[in-house]
Amino acid sequence: MEALGFTASFTPSLPNSINSSRLSHFRFCSQPISPLHPIHGDASKRSKLVFTTLSSASSSSTASTTTDPILDSPVNETEGEGEKFDWFAQWYPVMPVCDLDKRIPHGKTVMGLNVVAWWDRNQNDWKVFDDTCPHRLAPLSEGRIDQSGRLQCVYHGWCFDGSGDCKLIPQAPIEGPPVHTNKRACVAAYPSTVQHGILWFWASSDPKYRDILSVKKPPYIPELDDPSYTKPMACREFPFGYEILTENLVDPSHVPYAHYNLLPNPTPKDKRVDREGGTPVNMRIRNFDINGFDTARFGGASQFIAPCVYYSSVSVSALRELAKKEGDGSASAPSKVKDSSSQAPEKKVLLVFFCIPVGPGKSRLIFTFPRNFAVWADKLVPRWILHVRQNLVLDSDLYLLHLEERKILEAGLSNWSKACFMPTTADSQVVAFRRWLRNYSGGHVNWGTKFSGVLPPTPPKEQLMDRYWSHVVNCTSCNRAYQVLQAVEIALQIIAVGSIAIAAAMKQSVTVRSALAVAAVLCFAASKWLAHFIYKTFHFHDYKHALV
């Protein structure tokens, strides 16, 4: 999944000198991501943990420290004990604003919290409220924006302004006491902001966090605000939890196998052994603390910013250097290839994932793959076309991840390191993420008292992987394309029936009648093909790994 960005959306846009096999082999190795480091604070004061494999971590269970075989750095197994991650004192992304309609309220679930996002035209800003009317607990997301720009509950018409204060109770006498000013008539309002084209909210409505934005902001990624980068976004919901989603995204070695024939595969050294071209991936975890961790690996670095952000990038110059070294058999690692004398910006492709915990067994992903070259391509290719390819990639490991989560829970979260055998450094980021969960959150998301931890039952595969409710209904581009294509399908059927009717009514001109009959057959065939295309694109497209 970590190479999801290298889909048909921009792979052909890369320089011709870099072939797709080297591209996939590089696995988003990059130059160190210094712009994000300040988010974590002073790196010199943080622990210098280095993780390689779970087997080395497990073998150290009888000792307080172990030594990393690569850097000979001490690994403290008890790091972070006593320091707990507060899941409800964090910024969480809700949705890309390009997929939010300002005319209506939108109901979403994040961290088990049912919230409603709506556009306050009086304050010219997006607001996030608790999705509950204080009157009879009706969902405000089923309401409307009234003529005064207030959020209105459609059950009894109570209206609320952008601060959550009740401004109208229609049933209250005009000359009576102002019951709408009572605190119990207010809706809990969460701090919110728009950053990088995404609506974020702070997962606590406690008044002490009212000004949290002036103290702590969502993780900032400079390239997402850089106008020289193209950055189309997408959003998808999954029938497995945040833990499974995140560990899958930080795992590079599954890409050539789980997404075979969907992403560029590296050229295998020996096709008789491995047609997919999997290779060792050397990674070292550094700067590990409650805020996340960085990953040093061949050619660069990646970063996990707790709890939601995973960021990585690849530079075209690094790819060229790698291709050159592979060609002449020189040093095994690329040197620093940035030309300080060049005034042109370095060509880069980024991978940015926003992993959102929804509830047990449910998660949401907002993702984008910015690049600062061939930006014209995204202006020509409709956004929904990009999503078609990306959804294929996401579908190709969705079902196995859903089942994997249940097997992990059967084994017990506390037994994860014993149940899963992780003998290679390719699993370093997965191990680091699981260790971060263990050290700072007891091995799992802390939902408070909202859930019992029981997962919902597994539905049929076709329902489990249905794209309409997990993506299309929430994506303005795909939803519009879906409606247009459905209209075209109906139009083709009407033309087919109409042509037959006209041909049957005509008593002369055999040529015209024959032409109408042919047109009817062609339109009917086109409508059937289009119906199949709509179903596979916007509803269900199975991926059988054994047959590819």
Side-chain angles (χ1 to χ4, degrees), residues 1-2 28-52 57 73 75-93 110-111 195-196 198 200 202-203 215-224 241-252 283-297 300-313 350-357 363 365-367 416 427-446:
M1 180 101 50
E2 196 182 279
F28 279 95
C29 297
S30 67
Q31 299 301 317
I33 311 170
S34 57
L36 292 184
H37 287 170
I39 297 175
H40 291 314
D42 188 354
S44 65
K45 296 180 181 179
R46 298 168 59 192
S47 57
K48 302 297 182 180
L49 299 186
V50 180
F51 303 107
T52 54
S73 297
V75 178
N76 186 354
E77 290 294 319
T78 61
E79 180 73 23
E81 286 190 1
E83 186 178 12
K84 296 304 177 183
F85 187 80
D86 188 347
W87 290 87
F88 291 95
Q90 307 294 332
W91 286 102
Y92 289 94
V110 180
M111 276 300 298
Q195 181 171 286
H196 302 322
I198 297 174
W200 297 73
W202 185 263
V215 179
K216 181 180 180 180
K217 294 179 172 60
Y220 182 73
I221 301 172
E223 291 87 348
L224 294 184
Y242 159 89
E243 299 92 336
I244 297 295
L245 172 65
T246 306
E247 74 171 19
N248 184 58
L249 296 175
V250 303
D251 170 25
M283 296 186 290
R284 297 170 299 178
I285 306 303
R286 59 188 184 184
N287 300 328
F288 181 98
D289 64 16
I290 196 171
N291 298 304
F293 54 83
D294 304 335
T295 306
R297 50 183 172 167
S302 300
Q303 194 165 30
F304 167 66
I305 307 171
C308 294
V309 180
Y310 179 70
Y311 169 107
S312 189
S313 70
L350 281 72
L351 174 152
V352 184
F353 288 137
F354 300 95
C355 309
I356 307 168
S363 58
L365 175 66
I366 298 173
F367 57 95
W416 183 87
D427 295 316
S428 295
Q429 288 193 131
V430 176
V431 174
F433 173 68
R434 285 290 179 174
R435 184 170 292 168
W436 178 85
L437 278 174
R438 185 197 67 190
N439 287 5
Y440 301 109
S441 188
H444 56 85
V445 175
N446 182 3

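Starting from 1, each residue takes its place in the sequence as its number.
At a threshold of 4.5 Å between non-hydrogen side-chain atoms, the residues Y242 and P307 count as touching. A 4.5 Å side-chain heavy-atom check between F304 and T246 finds at least one atom pair inside the cut-off. The side-chain heavy atoms of V430 and V250, taken from C-beta on, include a pair separated by under 4.5 Å. Residues P252 and M283 form a side-chain contact, since some pair of their non-hydrogen atoms from C-beta on lies under 4.5 Å apart. Counting heavy atoms from C-beta on, the side chains of W416 and R438 never come closer than 4.5 Å.
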(request) Could you walk me through whether V309 and I221 pass the side chain to side chain contact (heavy atoms under 4.5 Å, CB included) test, one step at a time? (result) CA-CA 10 Å; V309 180; I221 301 172; 4.1 Å; yes
(request) For T295 and S302, run side-chain hydrogen bond (donor to acceptor under 3.5 Å, both in side chains): C-alpha distance rounded to whole Å, both residues' side-chain angles, the deciding distance at 0.1 Å, then the answer. (result) CA-CA 5 Å; T295 306; S302 300; 5.6 Å; no
(message) Does V445 form a side chain to side chain contact (heavy atoms under 4.5 Å, CB included) with M111? I'd like the steps, not just the answer.
(response) CA-CA 9 Å; V445 175; M111 276 300 298; 3.8 Å; yes
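The distance from atom CZ of R434 to atom NE2 of H444, rounded to the nearest 0.5 Å, is 11.0 Å. In this structure, CG in L351 is found 7.0 Å from OH in Y310, a value given to the nearest 0.5 Å. The distance from the CG atom of D251 to the CG atom of D427 is 6.0 Å, given to the nearest 0.5 Å. In this structure, CG on L249 lies 9.5 Å from CZ on F433, to the nearest 0.5 angstrom. Note that CD1 of I285 is 8.5 Å distant from CG of D294, once rounded to the nearest 0.5 Å. Taking OG of S313 as the reference point, atom CD of Q303 lies at 10.5 Å (rounded to 0.5 Å).
Contact record, F88 with N446: CE1-O, 3.5 Å, taken as the closest heavy-atom pair. F288 and N439 make their closest contact through CE2-ND2, 3.8 Å (heavy atoms, listed as atom of the first residue, atom of the second, distance). Nearest heavy atoms, P219 versus Q195: O-NE2, 2.8 Å.
Scored by the ring-ring contact (aromatic ring centres under 6.0 Å, His included) test, W91 finds W202 as partners (sequence neighbours excluded). Partners of W87 under the side chain to side chain donor-acceptor pair (under 3.5 Å) rule, at least two apart in sequence or in another chain, are S441. Looking at residues two or more places apart in sequence or on another chain, you find a side chain to side chain contact (heavy atoms under 4.5 Å, CB included) between C308 and Y92, P93. In terms of the side chain to side chain donor-acceptor pair (under 3.5 Å) criterion, E243 has no residue partners (sequence neighbours excluded). In this view, K216 and Q90 satisfy the side chain to side chain donor-acceptor pair (under 3.5 Å) rule, not counting sequence neighbours.
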